Undergrad: 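Here you go, one structure.
Just so it is clear, the model here is predicted, and its values are computed rather than measured.
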Amino acid sequence: NVEPRSVPVFAWHSLVPFLETSQTK
Amino acid sequence: SPSSPTAGLPPFFMKGSIIQLADGELKRVEDLRTEDFVQSAEVSGELKIDSSTVERIEGSGTPNAVIIQFSVGENKAQVCVEVLVEYPFFVFGQGWSSCCPDRTTQLLALSCAKLSVGDVCISLTLKSLK
């Protein structure tokens, strides 16, 4: 028997950066 | 693993990766649209979409990396991030863009436009942050 492989699912907010003003140069 | 083709890049940018929006809908990373991010942020309640304009792109001391200066949100806060040249950002109304689209496509199979000064990228902040 072959076990079905689970496909990873990623949350939408992982794909966009958090740009916080604390990083200001 | 250093031998991974996506070393240094998160796995979810690989073409075909399954992304779950805030309403539970599943989409492939290459099929995401501006509305998907905007609507997901509205549903989430915790997160706020900001418009981050690329002000400057300059070389970094690190090989294959650049420093991108953004003007973030209504306050136009200046934020610098150091990223790999192939790192994709989502530009409003345009889609995925990186400083080196050829390299992004080579490593991730993700089609990208060239990220340029003046492009407005999607970024996030926590609503609780003032």
Undergrad: Linking I/L/V/M/F/W/Y whenever any side-chain heavy atoms sit under 4.5 Å apart, do B:Leu26 and B:Val38 land together?
TA: no
Undergrad: Nearest 0.5 Å, what's the CD1-NE2 distance between B:Ile19 and A:His13?
TA: 11.0 Å
Undergrad: Can you tell me which residue among B:Val29, B:Leu47, B:Val43 is in a side-chain contact (heavy atoms from CB on, under 4.5 Å) with A:Trp12?
TA: B:Leu47
Undergrad: Against chain A, label B:Ser40 side chain, backbone, both or neither, depending on which of its atoms sit under 4.5 Å from a heavy atom there.
TA: both
Undergrad: When hydrophobic residues are tied together by side-chain contacts of less than 4.5 Å, even through go-betweens, does B:Leu126 share a cluster with B:Val79?
TA: yes
Undergrad: Which pair of non-hydrogen atoms, one from B:Ser52 and one from A:Leu19, has the smallest distance, and what is that distance?
TA: OG-CD1, 3.5 Å
Undergrad: Taking B:Ile18 as the starting point, is it possible to reach B:Phe37 by hopping between hydrophobic residues whose side chains are less than 4.5 Å apart?
TA: no
Undergrad: Should A:Leu15 and B:Phe12 be marked as a side-chain contact (heavy atoms from CB on, under 4.5 Å) after you check the CA-CA gap, both sets of side-chain angles, and the distance that decides it?
TA: CA-CA 7 Å; A:Leu15 281 75; B:Phe12 37 74; 3.9 Å; yes
Undergrad: If you look only at pairs with a residue in residues 16-35 of chain B, which of them pass as a side-chain hydrogen bond (donor to acceptor under 3.5 Å, both in side chains), with sequence neighbours excluded?
TA: B:Lys27-B:Asp36
Undergrad: If the condition is salt bridge (charged side-chain N to carboxylate O under 4.0 Å, His left out), which residues does B:Lys48 pass it with, not counting sequence neighbours?
TA: B:Asp50
Undergrad: Considering only heavy atoms, which portion of A:Pro17 lies under 4.5 Å from any heavy atom of chain B: side chain, backbone, both, or neither?
TA: both
Undergrad: Which atoms of A:Val9 are under 4.5 Å from chain B, going by heavy atoms: the side chain, the backbone, both sets, or neither?
TA: both
Undergrad: Considering only heavy atoms and a distance below 4.5 Å, find which of B:Pro88, B:Ala41, B:Cys121 pairs most often with chain A.
TA: B:Ala41
Undergrad: Under a 4.5 Å heavy-atom cut-off, does chain A meet the side chain of B:Phe13, its backbone, both or neither?
TA: side chain
